[in-house]
Every structure is written in C-alpha cells, then in structure tokens.
> 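Structure provided below as structure tokens; questions to follow.
For clarity, every value in this text was computed on a predicted model and none was experimentally measured. Whatever order the structure lists ligands and atoms in, that order sets their numbers, starting from 1.
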Amino acid sequence: MPGLTIGDTIPNLEVESTNGKINLHHFCTDSWTILFSHPGDFTPVCTTELGEMAKYCSEFYQRGVKLLGLSCDNLESHNEWIKDIEAYTPDAKVNYPIISDPNREIIKQLNMVDPDEKDSTGNLPSRALHIVGPDKKIKLSFLYPSTTGRNMDEVLRVIESLQKTSKFKVATPANWKPGKKVVISPDVTNEQAKEMFPQGFVTKDLPSKKEYLRFVKV
Ligand code: BEZ
C-alpha cells in the first residue's frame, strides 16, 4: 500500500478522541499500540469489531499494548455509538479512545483511506490496523475492505509474534501459535545459535542438507 507502511514512524498528530486530545507520539512512546480504523459509526461490522476489541482489551493490556480506534464521524456520534457497541457485546466496555476524523485528514496521513468507500463528505477509512512499536515505528499492518471484519485472535497472535521476535533472533513459522516452537533467524550461525539458545535447538534434515530450518522453544 502506498503511503505510511512497515518501518515508517507514525506522524506526530494531535487528534481528538472520546478520551480527550491525544498526541500520537506521546501516546505511542514506550508501549505497543494497536491503531485500528473503521469505515463509520453505526455500521454493522464495525459495531461487532469494536465490541470484540473491548472484550480482548485485558489480553492486550497484559501484554503492554494500548488500543486506539478511529472512525471518521464526530465525537458526539462516537459517544452515542459506544452505547450500541456495549449493548451488543455483553461485558464489553469501550474504555479505549476512538479518534474522530470528520475532515478525513488523519486517515490520509495514517494511510487508512478506502478508495472504494465514500460518503457525501469524502472517503471513508478502510479496516486498516497498524501495530506500532515502542519506537513509534509501524511493525505490521492489516488492510481489509469494509466488507471483511477482522479476527481479534489473529491480532493477538501477531502481537505475540512481534513481541517474541523483538526479544530473540527468531521468527514465527506458518500458523504459529503462542507456546509453540519458533525458528532461528537465518542470519544466526549454528555456533551463535548454540550460545544464544543453551536450551538446545532441533535442525530439520532436508534434501538440500542446508541447515536453515532450526526450531527452538523460547
Ligand atoms: C460495516 O461496518 O458493516 C460496513 C461499513 C461500511 C461498508 C460496509 C459495511
């Protein structure tokens, strides 16, 4: 996707949210942040997504991750909509801030615009989701159309992967789940791996005899 993407520092914007004014750099410093946008208030898929995010928020907070939603409607509308979200998803409390962007300027700067979704005042946000690291850089982005709701288990899974791979020189293989073995990064030699992973690692014997698929539990 053109514009803001993996590796970029998020812009230092001052935004209005349901929890007051937020400076994005201040908000994102020294913690992980999930910044997620929604096409609009009082829409069905968005209502389910914000409720699920609220249900998962303790899982995210336990991992040092803050949530920051965005929908382009105004704050009055957001506050009315939160009542619906909480009514639809029992036990969900929308305590995380939701940014308002009635002029559609923030979504442009955050690369969250959906070219196919428009209302009378301009483009709507896509279902974009940026995971921002403690260094304020984007570590991962999802970009879904308005018709496809996101899976919060997947959001939690990728957070676990990002946090694990930021601590160790490892990567998480296909369909990895927390608790399962990870693979050692290809730029780590076997000698280095023995020092880095004293618990030991298992090298898969492959036809090429190249020892690049090495599993370890960290
Ligand atoms: C929704 O959230 O349900 C939605 C929003 C915009 C277009 C289609 C669906």
Side-chain angles (χ1 to χ4, degrees), residues 1-6 10-11 13 15-20 22 24 27-28 32-61 65-132 138-159 162:
M1 65 177 144
L4 193 72
T5 188
I6 296 184
I10 53 155
L13 305 176
V15 299
E16 299 281 352
S17 86
T18 47
N19 292 8
I22 290 177
L24 284 192
F27 188 89
C28 295
W32 293 79
T33 304
I34 299 174
L35 174 56
F36 53 106
S37 61
H38 300 269
D41 295 1
F42 302 104
T43 51
V45 179
C46 299
T47 302
T48 63
E49 284 191 321
L50 274 99
E52 284 301 306
M53 268 298 188
K55 253 172 59 183
Y56 276 66
C57 75
S58 66
E59 295 290 339
F60 292 122
Y61 294 157
V65 181
K66 292 183 190 166
L67 301 179
L68 182 55
L70 183 154
S71 175
C72 57
D73 299 293
N74 63 33
L75 292 179
E76 199 186 349
S77 164
H78 285 359
N79 285 322
E80 279 304 302
W81 182 34
I82 286 172
K83 295 178 196 162
D84 284 1
I85 296 165
E86 292 179 347
Y88 174 71
T89 307
D91 303 326
K93 275 271 155 224
V94 180
N95 293 325
Y96 55 81
I98 306 172
I99 298 170
S100 72
D101 185 23
N103 299 325
R104 322 294 157 97
E105 281 306 320
I106 301 168
I107 56 168
K108 283 187 212 147
Q109 296 200 53
L110 295 177
N111 197 17
M112 292 173 144
V113 177
D114 187 333
D116 289 337
E117 287 291 336
K118 289 187 176 56
D119 69 7
S120 57
T121 51
N123 271 102
L124 296 173
S126 56
R127 287 188 205 290
L129 182 150
H130 297 310
I131 299 184
V132 184
I138 296 192
K139 305 297 179 188
L140 180 147
S141 291
F142 290 173
L143 187 56
Y144 284 27
S146 55
T147 43
T148 304
R150 287 159 287 196
N151 180 323
M152 302 314 158
D153 285 329
E154 175 61 1
V155 180
L156 194 55
R157 190 189 77 89
V158 297
I159 281 281
L162 290 169

> Could you please spell out the steps behind the side-chain contact (heavy atoms from CB on, under 4.5 Å) verdict for I34 and Y96?
CA-CA 11 Å; I34 299 174; Y96 55 81; over 6 Å; no
> Going by heavy atoms in the side chains, are L143 and N111 under 4.5 Å from each other?
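Counting from C-beta outward, L143 and N111 never come under 4.5 Å.
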> I'd like to know if D101 and K108 make a salt bridge, using a cut-off of under 4.0 Å between side-chain N and carboxylate O.
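Salt bridge flag = no for K108 with D101.
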> Does ligand 1 have any N/O atom under 3.5 Å from a protein N/O, and what are those pairs and their distances?
from	atom 1	to	atom 2	distance (Å)
ligand 1	2 (O)	T43	OG1	3.0
ligand 1	2 (O)	V45	N	3.2
ligand 1	2 (O)	C46	N	2.9
ligand 1	2 (O)	R127	NH2	2.9
ligand 1	3 (O)	P44	N	3.2
ligand 1	3 (O)	V45	N	2.6

> Side chain to side chain donor-acceptor pair (under 3.5 Å) for D84 and T47? Distances and angles first, verdict last.
CA-CA 8 Å; D84 284 1; T47 302; over 6 Å; no
> If only side-chain N and O atoms count, and only distance matters, is there a donor-acceptor pair under 3.5 Å linking T148 with R127?
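No, no side-chain donor-acceptor pair sits under 3.5 Å.
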> So, does T89 use its side chain to make a donor-acceptor pair with the main chain of E52 at under 3.5 Å?
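A pair under 3.5 Å: no.
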